[in-house]
Amino acid sequence: MSGHHHDEGHTVAGWTGCAVAVVGTSVAGVGMCLGSAAGIWLGLGVVGLGVLVTWGLHLAGWGKPPGIRPVAERGMRVRDRAARAGHPACVGCRLAGRGRSVSTLVAASAQGVQGAQRPDAASGSAASASAPSESASSGSVV
């Protein structure tokens, strides 16, 4: 095994999710053989549960980041300590709101604040988008 230069991703998250999905497809298959729509939908629901279990275990550190791990971290019982912060190229981490840098979050929040204000044409100052301009509401002509 030490001659292998690839990381197959044998993780607790991967094996658990695979086992739950196999049970779900088996239930759906039995439901199909019996002609039971409820059995088919139950099996498909268990497959969906397998996806959520795999995702949750990945976020808890029992999965692996995208790409090849160092040899010392390839064991199945080794937790991924970087999972709490998120993996930059991981779709699952991004869906959970992890893996973004602080500068990206600051830029996104600053852009949201600027989008909530609009410049006032008369005075050049920023006015709230929800409140009408004072000069327009008073009815006086300047």
Throw together a table of side-chain donor-acceptor distances under 3.5 angstrom for residues 78-88, partners on residues two or more places apart or in other chains.
from, atom 1, to, atom 2, distance (Å)
R79, NE, A60, O, 3.4
R79, NH2, A60, O, 2.2
D80, OD1, A82, N, 3.3
D80, OD2, H87, NE2, 2.5

- Matching residue for V12 among M76, H58, R77 - test: side chain to side chain contact (heavy atoms under 4.5 Å, CB included): M76
- What's the shortest heavy-atom distance between A13 and L57, and which atoms? CB-CB, 3.6 Å
- Message: Hydrophobic clusters here meaning ILVMFWY residues chained together by side-chain heavy-atom distances under 4.5 Å, can you tell me if V23 and M32 are in one?
- Response: no
Identify each donor-acceptor pair in which a side-chain atom of residues 36-55 lies under 3.5 Å from a protein atom, sequence neighbours left out, and give them as a table.
from, atom 1, to, atom 2, distance (Å)
S36, OG, G39, N, 3.0
T54, OG1, G50, O, 2.8
W55, NE1, G92, O, 2.9

- Message: Just to verify, which of R69, H10, R74 counts as forming a side chain to side chain contact (heavy atoms under 4.5 Å, CB included) with K64?
- Response: R69
- Message: If you compare all heavy atoms of A89 against all heavy atoms of P66, which two are closest, and at what distance to 0.1 Å?
- Response: O-CG, 3.7 Å
